[in-house]
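Both counts, for ligands and for their atoms, begin at 1 and track the order of listing.
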Amino acid sequence: MENNGSVQRESWGSKIGFIFAAAGSAIGLGNIWRFPYLAGENGGAAFIFVYLLAVLFIGLSVMLAEFAIGRAGGLDAIGSFKKLAPGTPWWITGALGVFSAFVILSFYGVVGGWTIAYTFKSVSTPLTNLTMESFVNFITNPLQPILWQVVFMALTIIIVILGIQGGIEKWSKVLMPVIFIILLLLIIRGVTLPGSSAGLKFLLNPDFSKINGSVILSALGQAFFSLSLGMGTMITYGSYLSKKENLPSSALTVASLDTLIAILAGFAIFPALFAVGMDPAGGAGLVFATLPSVFDKMPLGALFAAIFFILLCFAALTSSISILECVVAYLKDQLGWSRKNAAIVVGTLITLIGVACSLSNGLWSDFTIVFPGKGALNLMDFLGALTDFLLSVGGLLICLFVAYVWKFNKANAEVTNNGQFTGVWVPIWNFIVKIVAPIVIGFVILNGLGIIG
Ligand code: TRP
């Protein structure tokens, strides 16, 4: 299945396989770990409301733009830009994405490792011992989290080596429905606990006075991260797609599934959290340090906790493979590397950066880097802040490229399959890509750097 020019390039086995894989990329730690804690910190329903607007008015359009660039270019993120705008420097947008993949996956692999560790901890340790203190002890340990991170990264590399149909598509098809079912079980368990209705109110009753600039910005940043946008992931996945597929309906399906899972994660977590009287603004430790004590209040709590962390690990894996695939596709398509060598070399490099990330939580925490607008951060937080910045810049460049370089006569032909699927959404999409998204994303970047506030 290697691509040597003469052999046909890999493609998705079926439409549903592509949808599962793209949704698998989108659905990850971003939905199940980051979304609930951001919602908890930013007033619940009000944050969710702004998040939904961000997905609908910006995220969906950028996703369609990425699918279109990928399918029209038919290559990796860098190659697709070169193909569509030869002789221009726009391939740098793709190069920025490949660089972002290193940044994102290095810390993503660390958190992925935590999810495996907590799967085992849930059954080997009494849940009452899995407190914030034990969480901090674990992530600051110089060895333990690194071992789990290596396991997580090894799994990521193996799945990517197995390739598009054999690896990514097959795994996503199995894992995505499992995730959905487990979340439903957790919701049923949570909402039947006495006292859970306060959690439902927190999720459904928006207090609009809670909306301010910083809530809007974190909602938008989260929409980008959660939908896997701005890095070229969706360009790469779009490049494996046949000319017959309906791009707008695919984008709508993927964005809806991603949003559905984030909302379900909220419903799985907050009613149960309120039922045991805990603080919804528990921060990044919400899932790892707070939920075990929620599970402890349930019959078969340890089992439910283990299932939950396996779910989180699966979701993280279908995302991490999409991040690695982005770099592998580039080395394969542009430099002629084999899939296997590319996955092993890049995966190992990223794992090494990840080791430094993990150590930055403990042993190396004195080493800090200043990020504009955020102050001195340890390596892990620095790479997180850099991610938000890189994804925003990537998303902005993608919109500008489509609107002003590739141009809408060609872009619209691609997204409508030469006019086959058309409608009022076409001019709306053009308006968003040309005007709305660049202005809003530009504001996010300047605000993130502390240039405007
Ligand atoms: N969207 C994934 C999540 O929510 C993470 C992810 C995968 C990602 N690929 C990406 C984020 C590309 C940004 C860009 O966990």
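Between F309 and F295, the ring center distance fails the sub-6.0 Å criterion.
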Report all N/O contacts between ligand 1 and the protein shorter than 3.5 Å as a table of atom names and distances to 0.1 Å; if there are none, say 'none'.
| from | atom 1 | to | atom 2 | distance (Å) |
| --- | --- | --- | --- | --- |
| ligand 1 | 1 (N) | S25 | O | 3.3 |
| ligand 1 | 1 (N) | A26 | O | 2.9 |
| ligand 1 | 1 (N) | F225 | O | 2.8 |
| ligand 1 | 1 (N) | S226 | O | 3.1 |
| ligand 1 | 1 (N) | S228 | OG | 3.0 |
| ligand 1 | 4 (O) | A26 | O | 2.9 |
| ligand 1 | 4 (O) | G30 | N | 3.3 |
| ligand 1 | 4 (O) | N31 | OD1 | 3.4 |
| ligand 1 | 9 (N) | S228 | OG | 3.2 |
| ligand 1 | 9 (N) | S322 | OG | 3.4 |
| ligand 1 | 15 (O) | L29 | N | 3.1 |
| ligand 1 | 15 (O) | G30 | N | 2.9 |
| ligand 1 | 15 (O) | Y108 | OH | 2.4 |

Stepwise ring-ring contact (aromatic ring centres under 6.0 Å, His included) test for Y37 and W33: CA-CA 7 Å; Y37 100 67; W33 162 71; 5.6 Å; yes
ring-ring contact (aromatic ring centres under 6.0 Å, His included) between F35 and Y51, worked out: CA-CA 10 Å; F35 176 79; Y51 176 81; 4.9 Å; yes
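The main-chain N or O of Q222 is never found under 3.5 Å from a side-chain atom of S226 such that the two would form a donor-acceptor pair.
A donor and an acceptor atom, one from each side chain of T233 and S25, are nowhere located under 3.5 Å apart.
In this structure, I235 and A77 approach most closely via the heavy-atom pair CG2-CA, 4.0 Å.
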